[in-house]
J.: 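This is the structure I have questions about; it appears just below.
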2 protein chains.
Amino acid sequence: MDSNTNKEIVRIGLIQMGCGPDAEINRKSTEQGIRQAAGQGAQIICLQELFQTPYFCKTEDHANFQLAEEIPGPATNSMSRLASELGVVLILPLFEKRSSGIYHNTAVVVDADGSIAGRYRKMHIPDDPGFYEKFYFTPGDTGFKTIPTRFGKVGVLICWDQWFPEAARLTALSGAQFLFYPTAIGYQSFDESVAPKQAQAWKTIQRAHSIANGVFTVAVNRVGQEDQINFWGGSFVSDPFGEILAEASSKEPEILVVDCDLSMIEKTRQAWPFLRDRRVDAYQNLTRLFIDQNDI
Amino acid sequence: MDSNTNKEIVRIGLIQMGCGPDAEINRKSTEQGIRQAAGQGAQIICLQELFQTPYFCKTEDHANFQLAEEIPGPATNSMSRLASELGVVLILPLFEKRSSGIYHNTAVVVDADGSIAGRYRKMHIPDDPGFYEKFYFTPGDTGFKTIPTRFGKVGVLICWDQWFPEAARLTALSGAQFLFYPTAIGYQSFDESVAPKQAQAWKTIQRAHSIANGVFTVAVNRVGQEDQINFWGGSFVSDPFGEILAEASSKEPEILVVDCDLSMIEKTRQAWPFLRDRRVDAYQNLTRLFIDQNDI
């Protein structure tokens, strides 16, 4: 069997940007990035988390709820036209207004014909000094799922989700070939010593999702300084074996275009058949917060 | 607060050995290794999977069931005496005969007074060319658990378990400070090209268990050539941040003695509070083998 003839290549685009205060400029340079990636043959293109604005969760400010928009709405409308024009799938991370009082951190998947293929609402919401997301985002109710598109079965998870093996597993079990992680992760400028450790852990756990599940992982992070937060970029793609296929700068905006051979999924899962051997009869307690030894 | 005064050090010993055909010699050199580690102050000492014998699962041979022994039995009796003499906790991976027709791949935890603190029976059983474990080992029925000992709360998992984030998570949720992985992993000698990739994936996914759960991970692998399998050693300890604290040779037997500062667990889980944010309301499907899109 000639392995070359059995390749099933999907070309992925990652748009790693720095965001300034002007949303219009952010949108324009994102569109430019999408056109560049599509020009290089990218078929599924993923943007970073909350790509239209600076990372506003660094303070708790009611005024920021004005940034939220409905889906469908202005962003999905204009991006649908772009997706259809270029014939690409787009993954759009937005601040969604679902109703007065209910706002989500959401990723919309636009199919290559411009239709909305599906949406995922961030399930795990962080809250740390400088990352006050629990103030803004109602935890998602979409669950973990796969969104079929013209170019592949897309799982989308968002940023903080990346630390939860459960999220990766459930998305893979629903059929995803890719785990996309639009992200806004950085370190506080006063705490540079931990930055390399954190970036390393961030990469390691996502590579492990690839390994455990036999899927491609695509992390798209923002980059650059915004007030006290230094977003570390380093967007990357790992293959089902957990190997890094390509990795972006930790300092500069960058467009990555990466070929993923989907036939590797079958091959890897046959070689290391983890999904065959899961002990689903013994996993019930995963729905508990903690398994207390003294239940008093 | 002086962080030095708040350290809570537990010293761990890892006995990475090569095994020859003579079980008596294997036992003697293991005892020597234990004495050496204890002499260097190790308090919890972990042996490699099936430490008394060569890795017999490379063929399916009924004669090998003779190697199984009861627990308590000869191995636990002699190791209990050693644990009590040295005042150390021992993790003993054995081929357990539970009854005629029921054999397990089991790890016994012997406490520092020589008593048996608990046992874990390998839950995930592999079966690959050269690793015919499903022939020998009934899948465990202990579930995933923590065994309290004089020197720390010990989680034990065995080899193939290391590829399953569910096992690590459930063990950590039951209170474990350490995930010990006695292991026998290697590559087929005719397939050396994949060896570095496999060893890398093996390390990555276990470091990710440390990160996801904020625990120490201790992997103890055998080393050296046995017929067609080349066991790659590389035993290591990673801290709750996923950083490698120490790592053994990929070629030679080696005793590692490593200090683990348990106060890091609290610190790491406060800094990155993943356990706070698990979506236990949305994890039910983890008890399914696959989430079929077409249920026909």
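Each chain gets a letter, A, B and so on, in the order the sequences are listed, and its residues count up from 1. Side chains are part of it too, since the values below use all heavy atoms of this structure and drop only hydrogens, waters and symmetry mates. Computed from a predicted model, the values in this text were never measured in an experiment.
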J.: To see if you've got the definition right, give the donor-acceptor pairs under 3.5 angstrom between chain B and chain A.
T.:
unit_1: B:Met123; atom_1: O; unit_2: A:Arg279; atom_2: NH1; d: 2.8
unit_1: B:His124; atom_1: NE2; unit_2: A:Tyr283; atom_2: OH; d: 2.6
unit_1: B:Asp127; atom_1: O; unit_2: A:Arg276; atom_2: NH1; d: 3.2
unit_1: B:Asp127; atom_1: O; unit_2: A:Arg276; atom_2: NH2; d: 3.2
unit_1: B:Lys134; atom_1: NZ; unit_2: A:Asp277; atom_2: OD1; d: 2.8
unit_1: B:Gly140; atom_1: O; unit_2: A:Arg279; atom_2: NH1; d: 3.0
unit_1: B:Gly140; atom_1: O; unit_2: A:Arg279; atom_2: NH2; d: 3.1
unit_1: B:Trp160; atom_1: NE1; unit_2: A:Asp277; atom_2: OD2; d: 2.9
unit_1: B:Glu166; atom_1: OE1; unit_2: A:Arg169; atom_2: NH2; d: 2.9
unit_1: B:Glu166; atom_1: OE2; unit_2: A:Arg169; atom_2: NE; d: 2.7
unit_1: B:Glu166; atom_1: OE2; unit_2: A:Arg169; atom_2: NH2; d: 3.4
unit_1: B:Glu166; atom_1: OE2; unit_2: A:Arg278; atom_2: NE; d: 2.9
unit_1: B:Glu166; atom_1: OE2; unit_2: A:Arg278; atom_2: NH2; d: 3.0
unit_1: B:Arg169; atom_1: NE; unit_2: A:Glu166; atom_2: OE2; d: 2.7
unit_1: B:Arg169; atom_1: NH2; unit_2: A:Glu166; atom_2: OE1; d: 2.9
unit_1: B:Arg169; atom_1: NH2; unit_2: A:Glu166; atom_2: OE2; d: 3.4
unit_1: B:Leu173; atom_1: O; unit_2: A:Ile291; atom_2: N; d: 3.0
unit_1: B:Ser174; atom_1: O; unit_2: A:Gln293; atom_2: NE2; d: 3.1
unit_1: B:Lys197; atom_1: NZ; unit_2: A:Glu243; atom_2: OE1; d: 3.1
unit_1: B:Glu243; atom_1: OE1; unit_2: A:Lys197; atom_2: NZ; d: 3.1
unit_1: B:Arg276; atom_1: NH1; unit_2: A:Asp127; atom_2: O; d: 3.2
unit_1: B:Arg276; atom_1: NH2; unit_2: A:Asp127; atom_2: O; d: 3.2
unit_1: B:Asp277; atom_1: OD1; unit_2: A:Lys134; atom_2: NZ; d: 2.7
unit_1: B:Asp277; atom_1: OD2; unit_2: A:Trp160; atom_2: NE1; d: 2.9
unit_1: B:Arg278; atom_1: NE; unit_2: A:Glu166; atom_2: OE2; d: 3.0
unit_1: B:Arg278; atom_1: NH1; unit_2: A:Arg288; atom_2: O; d: 2.8
unit_1: B:Arg278; atom_1: NH2; unit_2: A:Glu166; atom_2: OE2; d: 3.1
unit_1: B:Arg278; atom_1: NH2; unit_2: A:Leu286; atom_2: O; d: 2.8
unit_1: B:Arg279; atom_1: NH1; unit_2: A:Met123; atom_2: O; d: 2.8
unit_1: B:Arg279; atom_1: NH1; unit_2: A:Gly140; atom_2: O; d: 3.1
unit_1: B:Arg279; atom_1: NH2; unit_2: A:Gly140; atom_2: O; d: 3.1
unit_1: B:Tyr283; atom_1: OH; unit_2: A:His124; atom_2: NE2; d: 2.6
unit_1: B:Leu286; atom_1: O; unit_2: A:Arg278; atom_2: NH2; d: 2.8
unit_1: B:Arg288; atom_1: O; unit_2: A:Arg278; atom_2: NH1; d: 2.8
unit_1: B:Ile291; atom_1: N; unit_2: A:Leu173; atom_2: O; d: 3.0
unit_1: B:Gln293; atom_1: NE2; unit_2: A:Ser174; atom_2: O; d: 3.1

J.: Using a cut-off of under 4.5 Å for heavy-atom pairs, which of B:Leu173, B:Val194, B:Ile211 has the most such pairs with chain A?
T.: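 If we count pairs closer than 4.5 Å to chain A, B:Leu173 comes out on top.
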J.: Which atoms of A:Pro129 come close to chain B, meaning under 4.5 Å heavy atom to heavy atom: side chain ones, backbone ones, both, or neither?
T.: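 Interface part for A:Pro129: neither.
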J.: Taking only residues at least two apart or on different chains, which pairs with a member in residues 173-190 of chain B satisfy salt bridge (Lys or Arg N to Asp or Glu O under 4.0 Å)?
T.: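 Not a single pair qualifies under salt bridge (Lys or Arg N to Asp or Glu O under 4.0 Å).
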J.: For B:Pro148, which atoms come within 4.5 Å of any heavy atom of chain A: side chain, backbone, both, or neither?
T.: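 When you check distances to chain A, no heavy atom of B:Pro148 falls under 4.5 Å.
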J.: So which heavy atom on B:Ala282 is nearest to which on A:Leu170, and how close?
T.: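 Here B:Ala282 and A:Leu170 meet closest at O-CD1, 3.5 Å.
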J.: So which part of B:Ala271 gets closer than 4.5 Å to some heavy atom of chain A, the side chain, the backbone, both or neither?
T.: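 Answer is backbone: N, CA, C or O of B:Ala271 sit under 4.5 Å from chain A.
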J.: Using ring-ring contact (aromatic ring centres under 6.0 Å, His included) as the criterion, list what pairs up with B:Phe290, not counting sequence neighbours.
T.: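 Checked B:Phe290 against ring-ring contact (aromatic ring centres under 6.0 Å, His included); zero matches.
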J.: Can you name the nearest heavy-atom pair linking B:Ile205 to A:Ala212, along with the distance?
T.: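 In this case the closest contact between B:Ile205 and A:Ala212 is CD1-CB, 3.8 Å.
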J.: So, for B:Leu289 and A:Leu275, which heavy atoms are closest and what is the spacing to 0.1 Å?
T.: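 So the two residues come closest at CD2-O, 4.4 Å.
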